[in-house]
Amino acid sequence: MNNAIEIINLHKKYGQLEAVKNLTLNIKVGEFYGMLGPNGAGKSTTINSITGYVKPTSGQINVLSQDIEKEFRFTRSKIGIAQQEISNDWFFPIEDLLFFQAGFYGINKMSATKNIKNLLAQMGLEQHKRKKMRALSGGMKRRFQIAKALVHDPEILILDEPTAGVDVELRHELWDFLRSLHQSGKTVLLTTHYIDEAELLCSKVGIINDGRLIKEGTVADLKSTINKSSIVIKIREGQAHPFNQILKDYDWTYNKEELIISSESPNSDLPKLINTISTSDVKIDDIQLSKTSLEDVFLKLTGKKIDD
Amino acid sequence: MIKNWTGFFTLSGREIKRFFSVWKQTVVPGVVTTLLYIFIFGVALENRISTISDIPYKIYILPGLIMMNVITNSVANSASSLLQMKLLQTLPELMITPLSSTEMSLSFIVGGTVRGSVNGILILLICVLSGMPLENPLLTVGLIVMVSWIFSALGLIIGQVADSWDQLAVIQNFIITPLSFLGGIFYSIQMLPDWASKISLLNPIYYSINSLRAATIGVEEFSLIGSIIIIIVCNVFLSSIAIMLMNTGYRIRS
């Protein structure tokens, strides 16, 4: 399969700050790629380099096999981007802004009309189309950003934190919409620091930290790099616990009546643990099996939580 | 040079619609200010300065007032539009579209040129109604458009360099406005001491006013052809600088 986006040794310095350090990354045509990383990891710099807004210090970027500098008209026409920062035009109704956007991409008003009408309807903005940006709610602005990114029907859609600051309902609506776009054949690059978003939507995830790509793979691949789950046992309040003696062979922690045991094979360990604890007269209130999440992978690889 | 014609026309159109959408701020003030100038300088001071080059003073100042409006409006349009786009985060979105730096620069310059020209022609009509002769209407309109283009290109450069409204105001208040006034709006530079007259010849605004005086009321202090050549040179020079600066991405690209 051909690469939709090919980043080769991308390096970007802002003064003394190295935002991106020799990043190499390929995104295949039709892939739903999640770029996961904490704030300041270099995600936005990377995507802004792809669009040409950020000038890389060194490195090369190709979009659909074309160099983004030499063939900027071609590569930019293939990309639609919804920026994290919502722009705020004061002068024009959002419908006019969509027509302007189409025009910038070389699409005249007549050709753009049908697509703009559809996008306004799909994004639930039809009845607000004559409103200016400042009259829209935060959620509407976010939906407008996505409509604007799609106005020239790009093959590649880049979404920089598209659900940042939106309510749960809208987040789910946007997820459904993004899934349908992906199913229609678009390549999607999503940056997020919401683990569940990446887990749910992306066919491939790259973890970026401190300007470097530190791990890449499918969600399942990444999870398999940590072969541990946790068994969480809630112990009845006020009991003395003999865990130092009975759990010598396990890696465990105990805090506020919660016993957390790490296990590489939780299915076989669980019955043994219940038996051991029960025979030592400790009363159990609840048991939960916590499987490896992408968050655990992130924590292991970076040594910090994604929200840090 | 321009390949994305639809994009170029769209951005130029957007720039023109932008200033028309706030016409109370962009068109009306120039007309009101000019009427005040005509009243104060033309009527109140006419008894003190009756004629310059055998032309009644209240008529003599009118071409300068037209040019002052043209310059102020064309500079303000491209400078404020670009700065506003920077501050409202709409510029990064524009810069990733398939528009080249040349196409973007020329679109902004066209926007400012149209605003300068609309204001200039409106004031010209007021001046003609106030009794100003119009010896060469075609040249007059051509000069208004050319001077609008020069200062729109300058405004684009200023808008790209400025980071705040304060910086923009400083450039306009301490450079553009003084140069306009010292370019001979209200006087002939022949009335100045020799040294001041020579310094005035370094001011490009002088040639704008001089040429418009020649085209309207027929007073030519400096060669009209010479003034037009200087205007064309300024046009090419400032447009090139504006395009090159846009291409570097200075203060607008990370």
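Letters A, B, ... mirror the listed sequences (proteins, then strands); counts begin at 1. As a basis for the values below, the full set of heavy atoms in this structure was taken, side chains included, without hydrogen atoms, waters or symmetry mates. Just so it is clear, the model here is predicted, and its values are computed rather than measured.
With a 6.0 Å radius and a threshold of 12 heavy atoms from other residues, nucleotides or ligands, B:Trp23 has its CH2 atom at or below the threshold. When the shell of 6.0 Å around CG of B:Leu36 is examined, it contains more than 12 heavy atoms from other residues, nucleotides or ligands.
Of the listed residues B:Arg14, B:Lys3, B:Met104, the one with more heavy-atom pairs under 4.5 angstrom with chain A than any other is B:Arg14. For the options B:Ile252, B:Asn4, B:Leu11, B:Ile96, heavy-atom pairs under 4.5 Å to chain A are most numerous at B:Ile96. Interface summary for chain A: among B:Leu91, B:Leu99, B:Val22, the most heavy-atom pairs under 4.5 angstrom belong to B:Leu99.
Using a distance-only test at 3.5 Å, with no hydrogens or angles considered, no donor-acceptor pair links the side chain of A:Tyr53 to the main chain of B:Leu94. Remark: the backbone N or O of B:Met95 is paired with a side-chain donor or acceptor of A:Arg76 at under 3.5 angstrom.
Between A:Lys109 atom NZ and B:Thr6 atom OG1 the span is 13.5 Å, to the nearest 0.5 Å. We find the CG-CG distance between B:Leu88 and A:Asp89 to be 7.5 Å, quoted to the nearest 0.5 Å. Here the CH2 atom belonging to A:Trp90 is positioned 12.0 Å from the OG atom belonging to B:Ser21, to the nearest 0.5 angstrom. Note that OG1 of B:Thr90 is 10.5 Å distant from CD of A:Gln101, once rounded to the nearest 0.5 Å. Here the straight-line distance linking atom CZ of B:Arg18 with atom CZ of A:Phe100 works out to 11.5 Å at 0.5 Å rounding. Note: A:Ile86 CD1 to B:Gln89 CD = 11.0 Å, rounded to the nearest 0.5 Å.
Heavy atoms of A:Lys148 lying under 4.5 Å from chain B belong exclusively to its side chain. Within the 4.5 angstrom heavy-atom criterion, only side-chain atoms of A:Ile81, from C-beta onward, approach chain B. With a 4.5 angstrom heavy-atom cutoff, A:Tyr14 touches chain B only via side-chain atoms. Only the side chain of A:Gln145 has a heavy atom closer than 4.5 Å to any heavy atom of chain B.
A 4.5 Å side-chain heavy-atom check between B:Ser100 and A:Arg73 finds at least one atom pair inside the cut-off.
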